[in-house]
Amino acid sequence: MATQGFEERVRTTYFDALRRRQALHGEVLPVEVAREPVVVDGQIVKPFSHASGIHKPEQLDAALGITTTPPKVRTPPPYDDRFGDDGMFRYHYRTPHKATARARATAAADNEAVRVAYRRRLPLVYWFGVVPNLYRPFYPVYVFGDDPTAQEFSLDLTELGARHLDDLAADEVSRQYRAQIVQARMHQARFREAALRAYRSCCAICSLRRRELVEAAHIVGDADGGAPVVTNGLVLCKLHHAAFDRHILGIRPDLHVVVRHDILAEIDGPMLLHGLQGFHDQKLRIIPTRRTDRPGPDELERRWERFRSAG
Ligand SMILES: [Zn+2]
């Protein structure tokens, strides 16, 4: 049986590794990056498996990861995962995939591994499947409850840590807020990947194609009621995203770039000349092939009005 110290060291090491991997690859990780093992006390620990909903490395007693597979077109998700009235994420117990004693034993062992994490307050990673082969990890995640009647575990996905957990039960006000922030993060991850696909990971303005340097921008912002859907999105490189958000440039509803007049008059180095002024009155270089992925006319119009009133 693994000691408690080892269980905790694996977690600290793996969470640090995940932070470094996200700094390099972004918030959403490809399966092969998530799967890279960590070495703790000379032992190779395999931290992730997308084959199974609950993952416990062989050296551990407690589950280290819980995974929701990404939705496939026309295939409903395997479990009815959702948020409870307490704002906690509900994760259905693993059920045997076949009616054999072996399958039942495997499912029971997986569920028990989550209970060990619950009893010993060991944090784990919740892997949210964004699109096939891409996962957004939430960590540290604590198991907050175990409901054998509903056959569900409750997970706190706010990533706020164990100290926060002590206040949760009494914390009426933040219940709804808790579910909202987690759902917003999930929607944001799906929005980004949908936009990257539609724009082939290229900046719509300059066509730069580097996943690390491009972002999914909202046309109508969150705060103004803009939805995290691809028709309210654009992929922009970091420079053009910042310029778009600060109204240094705008996008006319006919999909042409307009650079603000005072910026056009400035004299500076090559970045201003080529990176900003050079795109004035140019059509977007990247527009999604599928008509249904293209920016919505209403969204463009609303944003264009904001740009004109800001300039
Ligand atoms: Zn760009």
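Both ligands and their constituent atoms are indexed starting at 1 by order of listing. FYI, the numbering just counts along the sequence from 1.
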Original post:
Heavy-atom distance under 4.5 Å between the side chains of Q59 and V40, does that happen here?
Top reply: no

Original post:
Hey, what's the angle at the Zn ion (ligand 1) spanning ND1 (H240) and SG (C203), nearest 10 degrees?
Top reply: 110°

**OP:** State, yes or no, whether a side-chain contact exists between T68 and Y91 at a heavy-atom distance under 4.5 Å.
**Re:** yes

Original post:
Roughly, to 10 degrees, what angle do C206 atom SG and C237 atom SG form around the Zn ion (ligand 1)?
Top reply: 120°

**OP:** Kindly indicate whether the side chain of R192, heavy atoms from C-beta on, has any atom under 4.5 Å from the side chain of E27.
**Re:** no

Subject >> Contact check: H241 to the Zn ion (ligand 1), N/O/S below 2.8 Å >> reply: no

Subject >> Note, R178 side chain near L160 side chain (heavy atom, < 4.5 Å) >> reply: no

